[in-house]
Amino acid sequence: MDRYEAGTVEAKWQRVWEESRAFEVPNPEPGAPRSPRKNYVLEMLPYPSGSLHIGHVLVYTLGDVLARFYRRSGSEVLRPMGYDSFGLPAENAALKEGEHPRKIVERNIESIRGTMQRLGWAIDWSRELSTHEPEYYRWNQWLFLKFFEHDHAYRKAAVVNWCPNDQTVLANEQVKDGHCERCGAEVEARKLEQWFFRITAFAEALLDEMKELEWPERVLAMQRNWIGRSEGAEILFRVDELDLDLPVFTTRPDTLFGATFFVLAPEHPLVDRLAEQSPNGEELREYVRRAAARPAAERAAGTGKTGIFTGFFATNPVNEARIPIWVADYVLMEYGTGAIMAVPAHDERDREFAEQFDLPIKPVIEEGELIDSAQFSGMPHEEAAKAIVEWLGTRGRGRPAVSYRLRDWGWSRQRYWGCPIPVVYCDDCGIVAVPEAELPVLLPEIEDYKPKGIPPLAQAEDWVRVPCPQCGKEGRREVETMDTFVDSSWYFLRYCDPHNDGAAFDREITDYWMPIDHYTGGVDHSTVHLIYARYFMKVLNELGLVGAREPFKRFFGNGFVTQGGSKISKRSGTATTPDELVEIYGADATRLAILFIGPADQDMEWTESGVEGMQRFLRRLWRVVGEVAAGGEGRPSDPSGGDALARKAHRTIDRVTDDLGRRHQFNTPISAVMELVNDLVKAPSDPAARFAAETAVSLLQPWAPHITEELWETLGHERLWEEPWPVADPAMLEEDTFELVVQVNGKVRDRLLVPVDLPEDELVARAKESPRVQAHLDGGEIRQTIVVPRKLVNLVVG
RNA sequence: GCCGAAGUGGCGGAACUGGCAGACGCGCCGGACUCAAAAUCCGGUGCCUGAAAGGGCGUGUGGGUUCGAGUCCCACCUUCGGCACCA
């Protein structure tokens with residue numbers, strides 16, 4: 001048998017898989033019942049803004065191991081691939097390289113596809129898609145029209161996050177610590193007209209339906225934080241001078257008797273009216289201007305409160321106390337009602353403000369009970385909260401209320417490289433949807449698409465000017481484009497039915513495959529893509545377009561791969577690319593190495609010594625299998641030899657199947673197979689050697705599909721990728737003997753090999769006979785004897 | 001401050017429901033092969049003590065439950081991630 005040459009073996013099998021279309025899966029026949037064997041395995045699609053890096057190798061190898069394992073376990077596996085090719089990442093890459101984004105992404109897609117094929121990922125390439133192609137974004141536009149028609153999408157003026165570097169608006173989810181998630185520039189506040197999706201209308205559903213998800217707790221927790229549900233009450237404060245009621249949201253209605261002043265956010269619509277009627281109106285307006293100019297980051301830091309008294313008073317509904325109304329920028333317009341009752345005795349921020357402006361501080365809770373609170377005094381404060389809201393309710397001054405931190409999703413962008421939004425602005429008709437029949441609205445070619453603050457599409461005058469679809473008068477097209485997260489909020493539905501040119505997808509087909517059974521990707525998308533896609537699914541469900549309400553039944557959040565440590569590369573000193581790794585070590589060794597590092601859901605440091613170790617392991621496997629195949633000619637594979645090696649092989653089947661299939665561990669199965677191979681190397685002429693070799697090869701196939709396919713052939717078989725997953729013989733998992741651990745006072749003193757069927761009293765007798773144990777009993781009296789069947793005997797002496 | 005995850009050899013990590021701590025790999029040490037090196041193979045490798053047999057200690061810290069704790073409970077420390085003038 002020849003020496004192991006990874007390159008040759010890998011090229012051979014990749015060609016075979018391609019020619020036999022090994023990983024393509026057909027859609028069900030119309031009317032076919034949903035199969036319990038269907039299994040949709042997906043990883044987040046890549047941005048083709050560059051080439052793949054070691055982190056991608058982790059994600060897609062994870063998915064690949066699962067897909068290959070499920071396929072051999074009898075599942076009908078759908079595992080497609082595509083490219084998130086519109087949007088900022090690609091456009092910025094294009095600007096940097098000075099070429100058109102389409103050219104850049106299409107070149108990158110070519111290169112990425114090549115890398116994916118060289119890594120041997122089992123993908124159904126017949127379903128490949130790119131979001132920048134009209135065949136895809138046409139349906140993006142169609143879905144938008146459905147959202148628009150049913151008032152899930154709307155346009156409004158709002159203070160938004162503006163990235164001065166990328167010259168575009170960012171969603172809240174794309175701002176981290178006041179900086180642009182992509183370029184790191186400090187985000188500014190700007191008031192602009194923008195497109196939004198009403199994701200807040202689904203806040204409760206997004207929270208509630210998490211119950212059905214098999215997701216890591218940390219990701220669910222992040223979504224819970226992001227949605228930020230608070231339970232409390234809405235309470236009305238009377239302003240007599242203006243003859244109106246001001247609502248406030250509070251989570252602490254029990255402190256209502258301690259409210260000593262009232263605060264409005266500077267952006268509150270009432271402030272203008274107050275300024276008109278106030279003697280110090282000019283001062284008030286000046287304060288509002290200054291607050292608006294203050295950098296968002298400084299305002300959020302919360303140090304050094306500023307504010308101004310309006311001259312007006314509000315009446316506290318519980319005790320008729322007249323409290324002064326202030327305007328201060330520590331109150332946020334976006335949360336609750338933009339107005340608060342201030343309780344300085346029981347709220348840190350209110351206290352700081354009160355101390356600074358010398359306002360009264362009135363404690364109303366002592367040791368958990370209300371004081372100075374009329375008929376509620378003496379009540380435990382939690383009980384009082386309910387009682388006060390109830391009391392207010394009977395008088396029409398308050399009711400229980402829930403507030404959320406989640407904001408509506410702003411998704412229009414002032415950039416070129418994105419999906420055009422199919423609406424026309426008409427002076428007479430307002431915002432008019434482009435008729436479905438006219439889709440797609442193609443993205444026009446323009447010379448200069450550099451970001452300048454105004455959308456680049458505005459320059460394409462011929463394209464912009466268009467008759468109003470409703471009245472025929474001249475109108476203007478929307479010149480903003482969609483955020484790339486719109487594209488990725490439903491791509492998994494298109495994979496189900498990717499070539500449908502009459503609809504975004506056929507509901508019967510998506511209902512067959514959806515929801516995704518196993519989704520994999522980075523946890524950095526926890527409060528971005530993962531929440532948007534869940535929202536989309538709920539809207540599509542309510543529009544009757546899909547049956548499911550959750551897209552991802554199970555989500556696996558892979559860890560980050562760092563490549564920062566010492567000795568990265570032998571040549572350039574920079575990180576080794578996946579293509580180079582395949583070239584040097586082979587795809588199989590690379591795949592094994594990235595998964596062997598540790599638990600795949602934790603961050604990990606990539607080191608090349610790991611992949612060298614895997615290469616050694618594969619060479620060992622190659623050699624020993626060759627030896628077994630040659631030496632055991634004519635000797636049948638014997639799975640029931642009754643000896644240690646056969647039992648080890650069965651135990652390995654059991655371990656690998658359980659670790660991968662039930663526990664979703666990707667590293668420990670590799671160890672288990674290594675153990676089996678180590679045993680095989682020590683006993684290559686064992687009667688069960690052939691069976692052990694077959695088992696090791698078969699079990700390793702999801703991780704190292706090429707070498708195992710070759711060795712499977714060496715062992716006289718074919719098409720391992722279609723071979724049913726091995727099943728352990730329960731009888732062979734049973735041992736005749738076991739190692740009895742003997743403890744004295746909980747410390748191990750001896751280990752005895754004993755038959756499994758030995759009765760308990762006999763186990764104790766044997767334990768006591770052991771000279772090592774005798775030495776530690778030291779003639780003392782045995783006060784207690786613990787026997788754990790098949791495990792140990794513990795003798796407790798006094 | 002609130003929410004979440006995690007602390008185990010020189011390193012990455014195993015140990016699933018309380019029952020042999022350190023599987024597997026990396027690294028290191030010794031040996032074989034070789035003129036030599038690489039590759040490969042064989043053996044060793046938690047710490048302290050001992051010539052050895054053995055003994056003692058050991059899973060972030062301090063307590064507790066238990067015959068028995070890396071695993072359960074209480075209190076704390078540290079690191080990482082999310083949210084945060086959110087009323």
Side-chain angles (χ1 to χ4, degrees), chain A residues 176-177 216-230 232 248-252 255 263 265 299-305 328-332 334-343 346-350 352-353 403-407 523-524 526-527 560 565 592-593 596-599 601-614 616-617 619-620 623 655 658-659 662-663 665 667-675 677-678 681-682 739-751 772 775-776 783-788 790-797:
Chain A
K176 305 280 175 221
D177 288 328
E217 178 52 35
R218 60 184 170 141
V219 177
L220 293 176
M222 278 190 238
Q223 292 210 346
R224 252 183 251 117
N225 279 342
W226 189 258
I227 296 167
R229 184 183 200 273
S230 303
V248 299
F249 174 77
T250 179
T251 55
R252 297 293 307 276
T255 64
V263 191
R299 188 170 162 180
T303 46
K305 295 212 170 7
D329 70 359
Y330 82 94
V331 173
L332 308 175
E334 308 86 61
Y335 188 75
T337 63
I340 63 154
M341 62 175 212
V343 185
H346 302 290
D347 182 281
E348 239 178 275
R349 298 151 301 176
D350 295 345
E352 196 189 319
F353 191 82
S403 191
Y404 298 93
R405 202 204 71 100
L406 184 71
R407 302 272 80 85
V523 287
D524 48 330
S526 297
T527 55
F560 283 112
L592 280 165
F596 187 72
I597 296 176
D601 57 353
Q602 283 167 34
D603 293 351
M604 58 193 87
E605 170 79 14
W606 170 261
T607 57
E608 289 206 20
S609 55
V611 68
E612 282 163 20
M614 288 306 138
R616 269 200 286 275
F617 165 61
R619 281 200 282 252
R620 259 156 80 78
R623 191 158 30 81
R655 260 180 79 187
D658 191 58
D659 278 5
R662 181 178 62 86
R663 298 172 70 199
Q665 291 197 165
N667 54 337
T668 50
I670 303 172
S671 303
V673 175
M674 283 174 168
E675 282 185 45
V677 172
N678 287 346
V681 165
K682 285 181 190 123
E739 199 176 57
L740 176 72
V741 171
V742 185
Q743 299 180 331
V744 177
N745 289 340
K747 290 193 176 179
V748 181
R749 295 304 176 186
D750 204 359
R751 298 181 173 93
R772 288 161 186 259
H776 287 277
R783 292 193 315 190
Q784 201 180 348
T785 305
I786 312 289
V787 182
V788 182
R790 309 257 345 226
K791 282 217 168 81
L792 60 78
V793 169
N794 186 12
L795 304 171
V796 184
V797 296

Tell me whether the side-chain N/O atoms of A/Lys747 come closer than 4.0 Å to OP1 or OP2 in B/C57. yes

Any donor-acceptor pair, under 3.5 Å, between the side chain of A/Asn794 and the base of B/C67, if you only look at N and O atoms? yes

Between CZ of A/Arg252 and CE of A/Met341, what distance do you get to the nearest 0.5 Å? 8.5 Å

CD of A/Glu612 versus P of B/C24: gap in Å, rounded? 21 Å

Looking at B/C47, which nucleotide sits across from it as a Watson-Crick or G-U wobble partner, both distances under 3.5 angstrom, or is there none? B/G56

Close N/O contacts between protein and nucleotides 20-22 of chain B (under 3.5 Å):
{"residue": "B/C20", "atom": "O2", "partner": "A/Arg751", "partner atom": "NE", "Å": "2.5"}
{"residue": "B/C20", "atom": "O2", "partner": "A/Arg751", "partner atom": "NH2", "Å": "3.1"}
{"residue": "B/C20", "atom": "N3", "partner": "A/Glu739", "partner atom": "OE1", "Å": "3.2"}

How many angstroms lie between atom CG of A/Asp347 and atom CD of A/Glu352, to the nearest 0.5 angstrom? 10.5 Å

Nearest atoms (heavy-atom pairs only) where A/Leu332 meets A/Ala265: C-CB, 4.0 Å

Using a cut-off of 4.0 Å on non-hydrogen atoms, how would the nucleic acid contact of A/Asn678 be classed: base, sugar-phosphate, or nothing? sugar-phosphate

Counterpart base for B/U78, defined by Watson-Crick or G-U wobble contacts under 3.5 Å: B/A6

For the pair made of CG in A/Asn225 and P in B/A84, what is the distance, rounded to whole Å? 9 Å

With a cut-off of less than 4.0 Å, is there a side-chain N or O of A/His346 near OP1 or OP2 of B/A87? no

Where the side chain of A/Ala221 is defined as all heavy atoms beyond and including C-beta, which of B/C3, B/C67, B/C26 is the nearest nucleotide? B/C3

What is the distance from CG of A/Leu220 to C1' of B/C83, rounded to the nearest Å? 15 Å

For atom NZ of A/Lys305 and atom P of B/C85, their distance in whole Å: 10 Å

Using the C1' atoms only, state how far B/U79 lies from B/G56, rounded to an integer number of Å. 32 Å

Take atom P in B/C16 and the same atom in B/C73, then report the distance between them in whole Å. 16 Å

Under 4.0 Å from OP1 or OP2 of B/A87: is there any side-chain N or O of A/Arg405 that close? no

Which residue lies toward the 5' end of RNA chain B, A/Asn745 or A/Asp658, if each is placed at its nearest nucleotide? A/Asp658

Between B/G7 and B/G44 - P atom distance, rounded Å: 30 Å

When rounded to the nearest 0.5 Å, the distance separating OG1 of A/Thr527 from CD of A/Gln223 is 7.5 Å

Taking all non-hydrogen atoms of both residues into account, name the closest pair between A/Ser526 and A/Val219 and its distance. OG-CG1, 3.7 Å

What about A/Arg218: does its side chain form a donor-acceptor pair under 3.5 Å with the base of B/C3? no

Report yes or no: does A/Asp603 contribute a side-chain atom to a donor-acceptor pair with the main-chain N or O of A/Phe560 at less than 3.5 Å? yes

Polar pairs (N or O, both sides) under 3.5 Å between protein and nucleotides 12-15 of chain B?
{"residue": "B/G12", "atom": "O2'", "partner": "A/Ile597", "partner atom": "O", "Å": "2.6"}
{"residue": "B/A14", "atom": "OP1", "partner": "A/Asn667", "partner atom": "ND2", "Å": "3.4"}
{"residue": "B/A15", "atom": "OP1", "partner": "A/Arg663", "partner atom": "NH1", "Å": "3.4"}
{"residue": "B/A15", "atom": "OP1", "partner": "A/Arg663", "partner atom": "NH2", "Å": "3.1"}

Distance between the P atoms of B/A52 and B/G58, in whole angstroms? 23 Å

A/Phe596 and A/Ser671: which non-hydrogen atoms are nearest, and at how many Å? CE1-OG, 3.5 Å

Nucleotide opposite B/A23 in a Watson-Crick or G-U pair, distances under 3.5 Å: none

For B/A38, give its Watson-Crick or G-U wobble partner with both distances under 3.5 Å, or none. none

Any side-chain heavy-atom pair of A/Gln665 and A/Asp659 under 4.5 Å: yes

Using the side-chain heavy atoms of A/Met614, tell me which of these nucleotides is nearest: B/C41, B/A87, B/G25. B/G25

Between C1' of B/A84 and CD of A/Glu348, the distance in whole Å: 12 Å

Out of B/C16, B/C24, B/C26, minimum distance to the side chain of A/Arg662 belongs to B/C16

Is B/G9 in the syn or the anti form, by the rule that syn lies within 90° of 0? syn

N or O in side chain of A/Arg620 less than 4.0 angstrom from B/G25 OP1/OP2: no

With rounding to the nearest 0.5 angstrom, report the CD1 to OG1 distance, A/Ile597 to A/Thr607. 6.0 Å

Rounding to the closest angstrom, what is the interatomic distance between B/G22 and B/G46 at atom P? 10 Å

Which part of the nucleic acid, if any, lies within contact of A/Val796, taking any heavy atom under 4.0 Å across all strands shown: a base, the sugar-phosphate backbone alone, or nothing? sugar-phosphate

NA contact type, A/Arg616, heavy-atom cut-off 4.0 Å: base, sugar-phosphate, or nothing? sugar-phosphate

In short, A/Phe249 meets A/Thr337 closest at the heavy-atom pair N-OG1, 3.9 Å

Hey, does A/Gly613 reach any base, or is it just sugar-phosphate, or nothing, if we go heavy atoms under 4.0 Å? sugar-phosphate

When rounded to the nearest Å, what value does the distance between P atoms of B/G64 and B/U71 take? 15 Å

In whole Å, what is the span from the CZ atom of A/Arg229 to the P atom of B/C3? 17 Å

Would you indicate whether the side-chain heavy atoms of A/Ile340 and A/Asp350 approach each other to under 4.5 Å? yes

Given the C1' atoms of B/G31 and B/C47, what is the spacing between them in whole Å? 26 Å

Need to verify one output field. Residue with the more 5' nearest nucleotide on RNA chain B, A/Ser230 or A/Glu217? A/Glu217

So, A/Asn225 and A/Arg405: side-chain donor and acceptor under 3.5 Å apart, yes or no? no

Side-chain donor/acceptor of A/Arg407 to backbone N/O of A/Glu334, under 3.5 Å: yes

Any base atoms under 4.0 Å from A/Val248, or only sugar-phosphate, or nothing? Heavy atoms, all strands. nothing

Please tell me which of the listed nucleotides, B/C83, B/C42, B/C67, lies nearest to the side chain of A/Val681? B/C42

Taking atom C1' in both B/G18 and B/G12, what distance in whole Å separates the two? 27 Å

Using a 4.0 Å heavy-atom cut-off, does A/Arg790 contact any base of the nucleic acid, only the sugar-phosphate backbone, or nothing at all? nothing

Re B/G70: Watson-Crick or G-U wobble partner, both distances kept under 3.5 Å, found to be none

Separation of B/C80 atom P from A/Met222 atom CE, nearest Å, is 15 Å

Who does B/C85 pair with, Watson-Crick or G-U, both distances under 3.5 Å? none

Could you tell me which non-hydrogen atom of A/Arg218 sits nearest to which non-hydrogen atom of A/Asp601, and how far apart they are? NH2-O, 3.1 Å

Taken to the nearest whole Å, CG/A/Leu332 to C1'/B/A87 is 9 Å

Indicate whether OP1 or OP2 belonging to B/G54 is found under 4.0 Å from a side-chain N or O atom of A/Arg749. no

